[in-house]
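The block underneath contains the structure these notes are about, expressed in structure tokens.
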Amino acid sequence: MQRSVLDALLAARADKRPVALVTNLDSGRQALLDGDNVIGDLTLGSVVLDRVRQAVADDRSGALPDTSLFVQVNNPPLRMVVVGAVHIAQSLVPMAMLAGYDVTVVDPRQAWATDARFPDVTLSTAWPDEALAALRPDRRTAVVTLTHDPKLDDPALRVALESEAFYITALGSKRTHAKRLDRLRGEGVDEAQLARIRGPAGLAIGAKSPAEIAISIVAQATQALHGAATT
Amino acid sequence: MTAASNVLEQAARWRDEGRGVALATVVATWGSSPRPTGSQLAVDEKGNMLGSVSGGCIEGAVVHEAREVMDTGEPKLLEYGVTDETAWEVGLACGGTVRVFVERLE
């Protein structure tokens, strides 16, 4: 790999831009597709470029059939927005980071959202609906609400439901969740949208401690990401 | 910070220190291979490595090949599977097959 190609790839990653590295496995020649720019010693025709762009859109690395080309897709990291800088969040955030998520913790209660409690994490003390709207969840974003407080959780969920977020969950018992759905229903959210909220949060693995609950949530997000059957 | 980005950043740092560096990338898999397509392993001239291309079954063999790629500059396309039985090739315990592209970082 040419050093200029690697440096361009690393720069794009640092800027969180999607790029694709295309390698001819016969010759070793490579091209980095970065927006409309192509860097490297491999020439790509327009038909191939379209196929590479499709691979980026599908977030799928692999060989391009009927060619000697391999496409390595480098999409920006998955994102997780955690509403509620609570005890469970202190377990969930590092686990989600290990799993590859770029995590933002949202909590307008400044006693909770502190750097001491959440080192090395992006914190927002905006109201959850404003914070979510600013973060613009996309189909590579998970939204997790943990506060149990309808004033904080519900507005965040409403914004999340208007997005393509691939995983939306809200902490709370079955009873709490039923009440939450009733409130949102009363605000005009339809059943198809409500069904997108996984609740109670996390896979049913008998989780009790904050760390165990965090495991169940990261596991459920993984399941949602890869399109596995829901349980 | 994801594990994947660490691999390339470490490769760049090693190169900055003047070390020979090779990158191995899983470019195809069949059956139950342990690491998906796109997984990467960086290797330096001393045999230090970061990342993975399998669950540990073939890394040793890939490091050996990577050193040769560092010397010659010629990339290699390697295949490892359960059927490989020759001296320098190793099999995957899981029964899958992986194809690994190894290149020198210039």
Side-chain angles (χ1 to χ4, degrees), chain A residues 1-16 19-30 32 40-42 55-56 58-65 67-80 94 96-103 120-122 140 226, chain B residues 1-30 33 35-44 50-53 65-66 68-79 96-106:
Chain A
M1 185 189 289
Q2 293 178 344
R3 185 58 199 263
S4 55
V5 170
L6 177 62
D7 286 343
L9 200 168
L10 292 176
R13 264 186 178 167
D15 285 350
K16 299 184 179 171
V19 290
L21 179 68
V22 185
T23 303
N24 183 313
L25 296 177
D26 295 332
S27 68
R29 288 176 181 266
Q30 289 174 318
L32 185 77
D41 58 3
L42 176 67
V56 173
D58 296 342
D59 193 26
R60 197 178 60 238
S61 295
L64 277 191
T67 71
S68 302
L69 302 176
F70 172 73
V71 181
Q72 171 90 304
V73 175
N74 280 278
N75 268 319
L78 297 164
R79 294 189 294 161
M80 182 180 284
M97 289 167 80
L98 267 179
Y101 291 87
D102 201 343
V103 181
D120 306 322
V121 184
T122 308
R140 293 175 48 78
H226 295 302
Chain B
M1 183 64 60
T2 65
S5 62
N6 279 338
V7 171
L8 291 180
E9 280 159 9
Q10 183 65 60
R13 275 195 295 273
W14 280 338
R15 197 72 198 94
D16 288 342
E17 291 169 11
R19 304 190 202 182
V21 179
L23 282 172
T25 304
V26 175
V27 295
T29 68
W30 297 267
S33 63
R35 296 282 288 129
T37 300
S39 302
Q40 289 188 307
L41 173 75
V43 184
D44 79 355
L50 189 70
S52 66
V53 288
E65 299 280 354
E68 199 176 307
V69 169
M70 274 177 233
D71 287 342
T72 65
E74 286 298 313
K76 285 190 176 194
L77 192 54
L78 310 169
E79 196 169 302
T97 301
V98 294
R99 190 173 287 165
V100 179
F101 181 72
V102 185
E103 61 191 311
R104 183 167 76 179
L105 179 56
E106 302 299 336

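Each chain gets a letter, A, B and so on, in the order its sequence line appears, and its residues count up from 1.
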Legend entry - Heavy-atom contact with chain B under 4.5 Å, split by part of Gln2(A): backbone
Legend entry - Residue Leu9(A) versus chain B: region with a heavy atom under 4.5 Å: side chain
Legend entry - Close side-chain approach of Leu6(A) and Arg15(B), heavy atoms under 4.5 Å: no
Inset, instruction - Return the minimal non-hydrogen interatomic distance between Pro75(B) and Ser27(A), and the atom names on each side. - result: CG-O, 4.2 Å
Legend entry - Neighbour count >12 (heavy atoms, 6.0 Å) for atom CZ, Arg60(A): no
Inset, instruction - Using non-hydrogen atoms and a 4.5 Å limit, figure out which bit of Ser4(A) sits close to chain B: side chain, backbone, both or neither. - result: neither
Legend entry - Non-neighbouring partners of Thr67(A) that pass side chain to side chain donor-acceptor pair (under 3.5 Å), sequence neighbours left out: none
Inset, instruction - Look up atom CE in Met1(A) and atom CG in Leu8(B), then write down how far apart they are to the nearest 0.5 Å. - result: 6.0 Å
Inset, instruction - Using side chain to side chain donor-acceptor pair (under 3.5 Å) as the criterion, list what pairs up with Ser52(B), not counting sequence neighbours. - result: Arg35(B)
Inset, instruction - Let me know if Val26(B) has heavy atoms under 4.5 Å from chain A in its side chain, its backbone, both or neither. - result: backbone
Inset, instruction - Could you look at Thr29(B) and say if it's the side chain, the backbone, both or neither that has a heavy atom under 4.5 Å from chain A? - result: neither
Inset, instruction - Answer yes or no: does atom CG of Asp120(A) have more than 12 heavy-atom neighbours from other residues, nucleotides or ligands under 6.0 Å? - result: no
Inset, instruction - Measure the CD-CZ distance between Glu9(B) and Arg13(A) for me, rounded to the nearest 0.5 Å. - result: 7.0 Å
Legend entry - More than 12 heavy atoms from other groups under 6.0 Å of CZ on Arg19(B): yes
Inset, instruction - Return the minimal non-hydrogen interatomic distance between Thr37(B) and Phe70(A), and the atom names on each side. - result: CG2-CE1, 3.5 Å
Inset, instruction - Check whether Ala12(B) gets within reach of chain A through its side chain, its backbone, both or neither, counting any heavy atom under 4.5 Å. - result: both
Inset, instruction - Let me know if Leu105(B) has heavy atoms under 4.5 Å from chain A in its side chain, its backbone, both or neither. - result: both
Inset, instruction - Give a yes or no on whether the backbone of Gly38(B) and the side-chain of Gln72(A) come within a donor-acceptor separation of less than 3.5 Å. - result: yes
